[in-house]
Amino acid sequence: MSKVKYYYDAESLSYKKIQRKKRNTVKYASVFILGSALFGFLFVFIASQYIESPKERVLKRELQNAQLQFELLNKKMKEAEIVLNNIAERDNNIYRVYFEANPIPEEQRKAGFGGINRYKEFEGFDNSKLIKESNKRLDILQKQLVVQSKSLDEIAKLAENKEKLLAAIPAIQPVSNKDLTRMASGYGVRSDPFTKVRKMHWGMDFTSPRGTPIYASGDGIVERADNLSSGYGNHIRINHGYGYVSLYAHLFKYNVRKNQRVKRGDLIGFVGSTGRSEAPHLHYEVIKDGEKINPINFYYGSLTTEEFNKMLEHASLENQSLD
Ligand SMILES: [Zn+2]
């Protein structure tokens, strides 16, 4: 109930009731309601610009989560790419070379992704770039896998009837190196331990105590076991045929003689520090058609991909060789 209001009438010297007109009441009410509504809308509108609704918060969290998952996926893809690139590299440089097949050119391995925009459907969103890039990467990966798989099929066919060749290739590490801690320096430009000058290091150094057994890395015939080559000290060269020679330097003692036939894994000598060597280690080289090549690509049989990556990483460090 609204209060009854009075006013003082000076003429009649009495209080009189204020009569509110019904029309006015309606008018005031309408103005009040309209005003409140307007104010309410304005408030909600402004608030919504600054304050998130619970639904918005959930959506935002979901979006953030999706983004994170995409990034994780990209990381995994990167790992897959690295593994595949390693396989492709070994495929081109080793497998295909063994069997005299031409290496697959890089363009062919990665071809077919220029020209038309096949990722149009992902455009126009905040995350377009992320999604587009991820899809593109996956497509390239898929294509590379197909090319690689075909190449390996071809290699498998070529490898039939080539058992002798496979046994001859210097395909294992020349010292026992289970946890890969033996490797000191890889193939590439390294600093010389004596002159400290950067120069090409043509093999791989395996740090091992004096007397550590050295094994033939493939079947072959001992071509040399002497210390008549400058710098190498006591060293062994095994001729594997098919243009392959392996070389083992700075030996402490021999376990084979010149012209002796050896099998892969045979004990041929012991680690030492003879010749131009800073500390006991095995300097190991692989030579193909007279050219010294990187031995690391040859350990394919004895290493997992993870181990190979670890070794590759270590071998690429530009450190000091032991010579
Ligand atoms: Zn060396």
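Numbers here simply count residues along the sequence, with the first being 1. FYI, side chains are in, hydrogens and waters are out, and symmetry mates aren't considered; it's all heavy atoms of this structure. Start at 1 and go down the list; that is how both ligands and their atoms are numbered.
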Review point. When D323 is tested against each of H281, H250, R276 for side-chain hydrogen bond (donor to acceptor under 3.5 Å, both in side chains), which residue passes?
Key: R276

Practice item. Check whether any side-chain heavy atom of E81 sits under 4.5 Å from a side-chain heavy atom of L141, and report yes or no. Key: yes

Check your understanding: So, Y254 and Q260: side-chain donor and acceptor under 3.5 Å apart, yes or no?
Key -> no

Exercise for review: Classify the side-chain pair R182/T212 by whether it contains a donor and acceptor separated by less than 3.5 Å.
Suggested key: no

Review point. Looking at the Zn ion (ligand 1), which N/O/S atom of H283 is the nearest one?
Key: ND1

Point to revise | the Zn ion (ligand 1) reached by H201 (N, O or S, under 2.8 Å) | key: yes

Review point. If you check every N/O/S atom of D205, which is the one nearest the Zn ion (ligand 1)?
Key: OD1

